[in-house]
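Below is one structure, written out as structure tokens; the observations come after it.
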Amino acid sequence: MSSWYWWMILGMAIVTYIPRAIPLTFLEGRELPKAVQNVLRNIPYAVLGALIFPAVFFIQENIWFGILGAAAAFGIAIAGANVMIVVLGSIAVLAIFSGFL
């Protein structure tokens with residue numbers, strides 16, 4: 001590998017390390033307000049939704065395939081099932097739907 005790759009890897013390591021080190025350094029031992037804690041607690045769900053939502057529409061050429069799978073997963077999750085049941089249920093619904101195509 002040329003030295004350019006090593007400099008790029010080092011730069012990426014620094015850029016990803018800084019946002020993690022700053023809060024650990026400056027917020028160590030401090031208690032964040034409840035409102036901030038609640039917002040930070042919901043960030044993983046918001047990011048996951050932002051990553052999954054566009055993929056629903058581009059999973060196949062048929063847009064209804066993704067919409068049906070998302071609707072099935074949403075319905076099963078609202079019913080109170082755990083994550084594994086939601087995933088297996090939406091796969092089952094899509095397997096049945098693809099059998100009719």
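This is a predicted model, so every value here is computed, not measured.
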- Query: Do Leu10 and Met8 belong together in a cluster built from hydrophobic side chains that touch within less than 4.5 Å?
  - Reply: no

- Are Leu48 and Val87 in one and the same hydrophobic cluster, where Ile, Leu, Val, Met, Phe, Trp and Tyr link if side-chain heavy atoms are under 4.5 Å apart? no

Report, one line per pair, each donor and acceptor closer than 3.5 Å where one atom sits in a side chain of residues 11-21; sequence neighbours left out.
{"residue": "Thr16", "atom": "OG1", "partner": "Met12", "partner atom": "O", "Å": "3.0"}
{"residue": "Thr16", "atom": "OG1", "partner": "Ala13", "partner atom": "O", "Å": "3.1"}
{"residue": "Arg20", "atom": "NE", "partner": "Thr16", "partner atom": "O", "Å": "3.2"}

Here the side-chain hydrogen bond (donor to acceptor under 3.5 Å, both in side chains) pairs for residues 24-35, sequence neighbours left out, are Glu31-Gln37

Anything under 3.5 Å between a donor and an acceptor, one on a side chain of residues 70-84, the other on a protein residue two or more places apart or in another chain? List them.
{"residue": "Asn82", "atom": "OD1", "partner": "Met84", "partner atom": "N", "Å": "3.3"}
{"residue": "Asn82", "atom": "OD1", "partner": "Ile85", "partner atom": "N", "Å": "3.0"}

Students should find that the hydrophobic cluster of Tyr45, defined by side-chain heavy atoms under 4.5 Å apart, otherwise consists of none

Take a 6.0 Å sphere around CD1 of Ile59 and say whether it holds more than 12 heavy atoms from other residues, nucleotides or ligands. no

Besides Phe57, the hydrophobic cluster formed by Ile, Leu, Val, Met, Phe, Trp and Tyr side chains linked at under 4.5 Å, directly or via other members, contains Phe53, Phe58, Ile63, Trp64, Ile67

Hey, can you pull the donor-acceptor pairs under 3.5 Å for the side chains in residues 92-101, sequence neighbours left out?
{"residue": "Ser98", "atom": "OG", "partner": "Leu94", "partner atom": "O", "Å": "3.1"}
{"residue": "Ser98", "atom": "OG", "partner": "Ala95", "partner atom": "O", "Å": "3.0"}

From the list Asn38, Val39, Leu32, side chain to side chain contact (heavy atoms under 4.5 Å, CB included) partner of Val36 resolves to Leu32

